[in-house]
Amino acid sequence: MSNIDEFFERVISVKLPEDRQTVDILEQTLLPGTIKRINLRTKEELWDAIKKLKVRGAPAIGVSAAYGIAVLANRIEASDFDSFYKEFKELKDYLASSRPTAVNLFWALNRMDDKALSLKNESLDKIKELLFEEAQKIRDEDVAISRSIGELGFGLLKELKKEGKEVGILTHCNAGTIATAKYGTATAPMYTALENGWAGTDMHVYCDETRPLLQGARLTSFELHNAGITTTLQCDNMASMLMKQGKIDIVFVGCDRVAKNGDSANKIGTSGLAILAKHYGIPFYICAPSSTIDLNTARGDDIPIEMRDPEEVTTMWYKERMAPEGIDAFNPAFDFAEHELITGIITEKGIAHAPFDKAFEELGIGK
Ligand code: MRU
């Protein structure tokens with residue numbers, strides 16, 4: 001096993017233990033200081049882990065919800081399909097209420113729901129077994145999807161490398177291995193480059209710290225640094241300086257939901273980064289599994305944006321409160337980059353360019 005594979009093994013975001021009684025997650029709020037796994041047994045523990053970002057990142061949330069509903073459904077004691085399904089639906093709606101923006105949560109739960117309905121004439125034991133199988137498929141497909149995103153993104157990096165110098169990549173938040181089942185989305189091109197022999201002088205990744213929850217500082221720089229990729233961490237407000245100095249050749253970010261017109265919601269700060277990239281003429285790519293593309297949402301303004309506790313801005317991470325008591329604090333967890341600012345959306349089926357709705361159709365997304 002290579003070093004990078006060993007690292008991937010150590011930080012697997014979500015697993016289903018052999019006894020299938022719990023969902024095993026990497027507790028991401030403890031990173032980078034502590035690498036610890038926890039087992040989520042009850043529906044409340046699952047909900048709370050998603051809400052509090054113990055497991056986070058759109059694809060990883062989807063995989064945990066899929067495993068979670070399979071574990072919970074396995075415990076339903078019912079004598080017929082209708083009473084089983086009534087309880088299943090209640091569990092599904094409960095898990096779906098944990099976070100509003102990442103469409104992968106609803107996508108994975110709906111896929112599990114469709115599976116249950118398609119099996120209504122089977123025995124409950126068989127349904128429960130096949131729900132585990134479906135959740136495992138969702139997880140395995142995610143590995144293959146990020147692999148394909150990685151190959152396509154690496155193609156772009158190779159083009160930039162032709163110019164001879166180190167390729168400077170900027171990323172925001174964490175769309176890495178711990179946000180998915182394996183390679184990440186925004187990080188997949190970087191890991192693919194590594195697997196293809198790129199070394200320290202071939203690429204240099206600049207990670208935005210990502211206020212207020214510091215996913216870039218705590219998670220992305222932890223991942224990339226451990227993987228042996230040359231990594232620099234900067235505060236979010238330093239990105240324009242790096243761009244102005246010519247250090248950034250390309251921006252790769254993940255996303256939580258892409259609307260039909262290509263507007264792409266991702267961690268707060270993504271919209272500003274896209275505007276800066278446009279200003280400096282730097283290609284700006286969204287990396288997204290096709291399950292993140294929501295053709296039922298017409299434009300970015302229709303994407304529900306999660307608002308989080310103001311304490312994350314005023315107090316969290318500080319030894320003492322850093323804002324006056326009683327101050328109003330604005331804390332949206334996401335924003336969206338307008339489609340006009342996006343160079344391309346890298347999906348496992350190909351790279352979509354504007355007009356995005358047409359490109360999604362041509363790539364067979366949503367079929
Ligand atoms: O609030 P988070 O940490 O779940 O936000 C995560 C992001 O914004 C990621 O960029 C996105 O989910 C894509 S993960 C492959």
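Numbering of ligands and ligand atoms starts at 1, following listing order. The first residue of the sequence shown is numbered 1, and numbering continues consecutively from there. In this text the structure is predicted, and so the values were computed from the model without any measurement.
Each of Asp236, Asn266, Asp208 was scored for a side chain to side chain donor-acceptor pair (under 3.5 Å) with His172, with one residue passing: Asp208. Among Ile25, Val23, Leu26, the one residue that satisfies the side chain to side chain contact (heavy atoms under 4.5 Å, CB included) test with Ile38 is Ile25.
Residue-ligand proximity, Pro59 to ligand 1, at heavy-atom distances under 4.0 Å covers atoms 14 (S), 15 (C). Close contacts between ligand 1 and Thr180 involve ligand atoms 15 (C) [criterion: under 4.0 Å to a heavy atom]. Close approach of ligand 1 to Cys173 (heavy-atom distance below 4.0 Å) involves ligand atoms 5 (O), 6 (C), 7 (C), 8 (O). Annotation for ligand 1: atoms under 4.0 Å from non-hydrogen atoms of Gln215 are 1 (O), 2 (P), 3 (O).
Looking only at protein heavy atoms, the nearest one to atom 12 (O) of ligand 1 is Ala58 N, 2.9 Å. What sits closest to atom 9 (C) of ligand 1 on the protein, heavy atoms only, is Asn266 OD1, 3.3 Å. Looking only at heavy atoms of the protein, atom 3 (O) of ligand 1 is closest to Arg56 NE, 2.4 Å. Among all protein heavy atoms, the one lying closest to atom 4 (O) of ligand 1 is Arg99 NH1, 2.9 Å. Among protein heavy atoms, atom 5 (O) of ligand 1 sits closest to Lys267 CE, 3.3 Å.
Contacts with ligand 1 closer than 4.0 Å are made by no heavy atom of Ala333, backbone or side chain.
Taking the six-membered ring where tryptophan is involved, the planes of Tyr85 and Phe81 are essentially parallel, since the angle between them stays under 30° and well short of 60°.
Nearest heavy atom pair, residue Lys349 against residue Ser290, reads CE-OG, 3.6 Å.
Not a single heavy atom of Leu219 sits closer than 4.0 Å to an atom of ligand 1. Using 4.0 Å as the threshold, Cys255 has a heavy atom nearer than that to some atom of ligand 1.
Applying the ring-ring contact (aromatic ring centres under 6.0 Å, His included) test to Phe334 and every residue at least two apart in sequence or in another chain returns nothing.
Each of Val143 and Val14 belongs to its own hydrophobic cluster when Ile, Leu, Val, Met, Phe, Trp and Tyr are linked at side-chain heavy-atom distances under 4.5 angstrom.
Looking at heavy atoms from C-beta onward, Ile303 lies in side-chain contact with Thr101 at the 4.5 angstrom threshold.
Residue-to-ligand polar distances keep His172 apart from ligand 1: every N/O pair is separated by 3.5 Å or more. In terms of N/O distances under 3.5 Å, ligand 1 is approached by Gly57. Considering backbone and side-chain atoms together, Asp256 places an N or O closer than 3.5 Å to an N or O of ligand 1. Considering backbone and side-chain atoms alike, Thr185 places every N or O at 3.5 Å or more from each N or O of ligand 1.
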- Query: Does the pair Arg321 and Glu311 meet the rule for a salt bridge (charged side-chain N to carboxylate O under 4.0 Å, His left out), with working shown?
  - Reply: CA-CA 9 Å; Arg321 195 181 164 92; Glu311 294 254 308; 3.5 Å; yes
- Message: With side-chain hydrogen bond (donor to acceptor under 3.5 Å, both in side chains) as the criterion, how do Lys267 and Asn174 come out once you've worked through the C-alpha distance, each side chain's angles and the decisive distance to 0.1 Å?
- Response: CA-CA 9 Å; Lys267 182 51 54 194; Asn174 174 268; over 6 Å; no
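A distance of 15.0 Å separates NZ of Lys115 from CG of Asn110, quoted to the nearest 0.5 Å.
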